[in-house]
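Only one structure is covered here, and it is reproduced in the block below.
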Amino acid sequence: MEQSGVGIAITGSGSATPRVSLSNEALSQVVETSDEWIASRTGIRQRRLAEPGCSLAKLATEAGRGAIEMAGISAMDLDLIILATSTADDLFGSASQIQAELGAFKAVAFDLTAACSGFVFGLVTASQFIRTGVYQNVLLIGADVLSRWVDWSDRRTCVLFGDGAGAVVMQANLHDRLLGFELRSDGTQNNCLNLSYQSQPKNLTDDVTINQGTFHPITMNGQEVYRFAVKKVPEVIEKALFRANLEVGEVDWLLLHQANQRILDAVADRLKIPPYKVISNLAEYGNTSAASIPLALDEAVRQGKIKPGQTIVTSGFGAGLTWGAAVFQWGR
Ligand code: UT7
């Protein structure tokens, strides 16, 4: 991509997951399902679930700490904190709470909601502040606790999701490591995947009626979302690679939102990316929404799989519908 302005590097990663894990076997005592069905249709074997007392902010803060430490900076160096989440502890936003917990008192902090695309949308949002020279050090966290909002009697959705957080530090850098991106939305398909507010009319006075209620558990048309992902994700990745002036063969790692192993395989297959380049940890964690990409990234970096200078293409996709891709090289 032709870029003017400051270069951007992703210099640290971190992650955090709840201690409690629920296997497919155990889940089959909650709803009528089986390890065989879940594993063969999704690749998921277990998921981590936030126990009472484990907040979104706690997980996000822990992930953020890991990323700050790896980047070799201190919380006071941060100019901006973006929390990508759909499950904030507080509808007014949870980013400021994380800012306080970290002691990042110079940083401005806000939440960003784009469901499972949140991390990629956050990456691009953060990069605009760095590119224009406004901020130098940004902490981007993707975190979700979807277990709060899953209908635990609906086997079509409850088997898929897990809780977690992942984070990266993005910094102004001499060399530009963020090579290209592309973001998309299609609200006409909004009804495929929702966690929507449902309310009842309430009369305040004789003349004034308002609506009050709460959020309805997640509803999803799984087959539609599946079809959307397999069609749109390869397209948006090709577009991001085009903007980065790269061929598919030059990509070292394909890092997709960890929704379903069959989606990962189908996207890789369409792009002709061999299986050994596909990063996958969804067997252990399920679909952790905005957390899934940075969680898988952090694991792969700490395992020594992803090495400095290697080229990663990442793509998030989900509710909205929203989808997007970004191409970057790991490290300074
Ligand atoms: O972040 C984005 C979030 N969303 C996604 O990534 C979802 C994308 N979609 C998918 O991953 C897949 O569509 C699912 C994994 C959700 C479902 O897989 P599928 O192969 O599309 O299954 P299906 O919905 O066509 O259902 C097949 C059968 C149905 O039974 P009948 O009607 O054929 O008798 C379902 O009732 O499987 C049944 N079924 C289950 N059986 C056991 C659905 N869920 C379960 C379950 N256990 N958990």
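Just so you know, ligand 1 is whichever comes first in the structure, and atom 1 is the first atom listed for that ligand. For the single chain, residues carry numbers from 1 onward in sequence order. For the numbers below, each heavy atom of this structure counts, side chains included, while hydrogens, waters and symmetry mates do not. These numbers were taken from a predicted model, which means no experiment stands behind them.
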Got an N/O contact under 3.5 Å between [X] and ligand 1?
| X | result |
| --- | --- |
| Gly318 | no |
| Asn260 | yes |
| Arg41 | yes |

My question is simple, although I want it checked carefully: is [atom] less than 4.0 angstrom from any protein heavy atom?
| atom | result |
| --- | --- |
| atom 39 (N) of ligand 1 | yes |
| atom 31 (P) of ligand 1 | no |
| atom 2 (C) of ligand 1 | yes |
| atom 23 (P) of ligand 1 | yes |

Using a strict 4.0 Å cut-off to heavy atoms of [X], name the atoms of ligand 1 that fall inside it.
| X | result |
| --- | --- |
| Thr42 | 15 (C) |
| Arg262 | 18 (O), 20 (O) |
| Ala259 | 6 (O) |
| Thr33 | 42 (C), 46 (C), 47 (N), 48 (N) |
| Cys116 | 1 (O) |

### Query
With backbone taken as N, CA, C and O and side chain as the heavy atoms from C-beta onward, which portion of Val31 lies under 4.0 Å from ligand 1: side chain, backbone, both, or neither?
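Under 4.0 Å from ligand 1, Val31 contributes no heavy atoms.
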### Query
Can you tell which part of Trp37 has a heavy atom less than 4.0 Å from ligand 1: side chain, backbone, both or neither?
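Trp37 to ligand 1: side-chain contact only, backbone stays beyond 4.0 Å.
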### Task
Take Leu282 and Gln261 through the side chain to side chain contact (heavy atoms under 4.5 Å, CB included) test and state the conclusion after the steps.
CA-CA 7 Å; Leu282 59 85; Gln261 190 60 43; 4.1 Å; yes
Residues [X], [Y]: salt bridge by 4.0 Å N-O rule:
| X | Y | answer |
| --- | --- | --- |
| Arg131 | Asp176 | yes |
| Glu224 | Arg227 | yes |
| Lys277 | Asp252 | no |

### Message
Yes or no: does Val159 have any heavy atom under 4.0 Å from an atom of ligand 1?
### Response
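Val159 counts as a contact of ligand 1 under the 4.0 Å cut-off.
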### Query
Out of curiosity, His257 NE2 to Leu264 CG, how far, rounded to the nearest 0.5 Å?
9.5 Å
### Task
Quick one: pull up CG in Leu178 and CG in Leu123 and give me the separation to the nearest 0.5 Å.
6.0 Å
### Message
According to a hydrophobic-cluster definition based on side-chain heavy atoms being under 4.5 Å apart (Ile, Leu, Val, Met, Phe, Trp, Tyr only), do Phe121 and Leu56 belong together?
### Response
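As far as the 4.5 Å side-chain criterion goes, Leu56 and Phe121 are not connected within one cluster.
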### Query
Just checking, is any N or O donor in the side chain of Thr85 or Asp144 under 3.5 Å from an acceptor N or O on the other one?
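Yes - a donor-acceptor pair under 3.5 Å links their side chains.
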### Distance-only donor-acceptor check, side chains Gln171 and Gln136, under 3.5 Å
no
